[in-house]
Amino acid sequence: MSKEQPKLKEDISPNVVPMIDIMFLLLLFFMLGADMAQRESVDMVLPLADQIKEQKENEEVPTTTVNVHHDKDLDCKINDTGVCREKGHWIWSVRGIMHTADTLKTQLQIDADEFLEDEVVPGTNPPKRLSAKKLLVRADGKAPYGEVQRVIEIGGTVGMYKVEVGGAKPSSAP
Amino acid sequence: MAGGGDAEDNPVNINVVPMVDVIFCLCVFFMCSFKIKQLEGKFASWLPKDKGVGGASDPGEIREMRVALFWDADTQRTRRQYGHREVAEDDELRRILDGAHQDFVKQGKPDTPVIIDGAVEVPWQDIYTVVNICKGLEIEKIEFAMGANAGK
């Protein structure tokens, strides 16, 4: 009489629980690290400087950021290593909206008027008050200086005298 | 962490495969949108409150350190000058500005500004380099010269 061997039921399904744990942790890491906020700043190559003051995230002083960057839709030599000096290739944008000199002046005037200082500028008639709002100019390192000059000048005409110019710390800097 | 019990204790089997699929998709999405942020900062360069974009005040006595920057279209490079002296290297400009600043400090005029007089075609990075050198030398008063046709 042959002895029938009992069938061994082997469970070969892998244990996926540790994998799910790790996946959850990875998901959490990337979710928290993702920056989904509406950006005031445009992606560009900022000028490098090792002496810059680090920008604090939650600064209480109200700031309007003007980005000066090259039009990404245009095929231009700046996309390689060259320096573009074509008029119309450089864009001024505030909160993602492109501006000309006139519309930028209107926008900055609105922003400036929100935070006027109490002090009246001496010798002005009608009395003029300057704005306490800061103007941060973030310009591409390859942007022509004239574009930046013009933005600063427009800021000055609407009373925004607290001008700051944005840059990036070189990765080797402490 | 997730599930620690014995399978024999709990006879109800949950199919986790769809959940793993969804987590994989979410992970891929967030991984693709993940970006390492560059450390950004700024230099304060406040405009004078009491004057506009007018000319220099006193043409007689020299009370400024003026760095002029010109754009050479042929070589696609920026030329830098301090007075009539051409300054190509950053270290050389640093030495010159430091010496001039120390002279003004000795004369009791530590607020003497560095005026950056750049042509409109000069790349912003070159202007920024001069600002960076001044900040490194702790020269606080930095002014941007604006001509009548500035930015036009």
Side-chain angles (χ1 to χ4, degrees), chain A residues 11 16-21 23-24 26-27 29-31 33-36 41 46-55 68 82-83 85 121-123 130 134 136 138-153 155-157 160-169 171 173, chain B residues 1-4 7 16-17 19-20 23-24 26-50 52-53 69 71 73 76 116 118-129 131-137 144-147 149-152:
Chain A
D11 187 9
V16 292
V17 174
M19 189 188 73
I20 293 173
D21 288 346
M23 293 292 293
F24 263 121
L26 276 173
L27 184 62
F29 171 75
F30 285 117
M31 276 175 76
D35 187 7
M36 292 288 166
S41 50
L46 289 170
L48 300 176
D50 53 8
Q51 301 289 333
I52 51 167
K53 266 173 45 185
E54 201 178 317
Q55 204 171 326
V68 181
V83 177
R85 291 290 168 271
V121 181
L130 297 173
K134 284 183 177 176
L136 172 62
R138 285 180 81 250
D140 193 298
K142 286 179 178 175
Y145 174 47
E147 300 286 332
V148 183
Q149 256 186 337
R150 193 91 175 94
V151 173
I152 295 173
E153 190 193 348
T157 56
M160 292 175 109
Y161 71 100
K162 294 180 178 177
V163 179
E164 291 174 331
V165 285
K169 256 198 168 153
S171 48
Chain B
M1 297 293 282
V16 291
V17 174
M19 190 185 73
V20 171
I23 293 175
F24 258 124
L26 282 171
C27 240
V28 168
F29 170 74
F30 283 110
M31 274 171 79
C32 291
S33 63
F34 191 77
K35 195 187 161 203
I36 296 168
K37 211 176 166 187
Q38 192 181 23
L39 199 58
E40 284 189 20
K42 59 201 177 184
F43 285 133
S45 57
W46 293 14
L47 303 178
K49 275 174 138 178
D50 54 345
V53 286
L69 295 101
W71 179 245
Q76 295 281 299
I116 301 171
V120 292
E121 302 89 2
V122 171
W124 178 232
Q125 172 68 71
D126 295 337
I127 304 283
Y128 214 78
T129 302
V131 177
N132 190 43
I133 289 169
C134 295
K135 293 285 180 185
L137 295 169
F144 296 113
M146 298 222 184
N149 296 313
K152 288 179 184 167

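Letters A, B, ... are given to chains in the order of the sequence lines, protein chains preceding strands, and every chain is numbered from 1. Heavy atoms only: backbone and side chains are in, while hydrogens, waters and symmetry mates are out.
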If you look at every heavy atom in Y128(B) and G166(A), which pair is closest and at what distance?
OH-C, 3.1 Å
Relative to the ring of F144(B), is the ring of Y145(A) parallel (under 30°), tilted (30 to 60°) or perpendicular (over 60°)?
tilted
Heavy atoms from other residues, nucleotides or ligands near CE of M19(B) exceed 12 (cutoff 6.0 Å):
yes
Given that the side chain runs from C-beta out, which part of I127(B) has a heavy atom under 4.5 Å from chain A: side chain, backbone, both or neither?
side chain
With only heavy atoms counted, which part of A73(B) is less than 4.5 Å from chain A, the side chain, the backbone, both or neither?
neither
Where do L27(A) and F30(B) come nearest, in terms of heavy atoms and distance?
CD1-CD1, 3.9 Å
How close do M23(A) and I23(B) get, heavy atom to heavy atom, and via which atoms?
CB-CG2, 3.6 Å
If you tally heavy-atom pairs under 4.5 Å between each of T157(A), V148(A), V151(A) and chain B, the highest tally belongs to V148(A)
So which part of M19(A) gets closer than 4.5 Å to some heavy atom of chain B, the side chain, the backbone, both or neither?
side chain
Is V165(A) in contact with chain B via its backbone, its side chain, both, or neither, using a 4.5 Å heavy-atom distance?
both
Looking only at non-hydrogen atoms, find the nearest pair between Q125(B) and P47(A) and report the distance.
OE1-CA, 3.0 Å
Identify, with sequence neighbours excluded, every residue that meets ring-ring contact (aromatic ring centres under 6.0 Å, His included) alongside F24(B).
none
Do E147(A) and W124(B) have side-chain heavy atoms sitting under 4.5 Å apart?
no
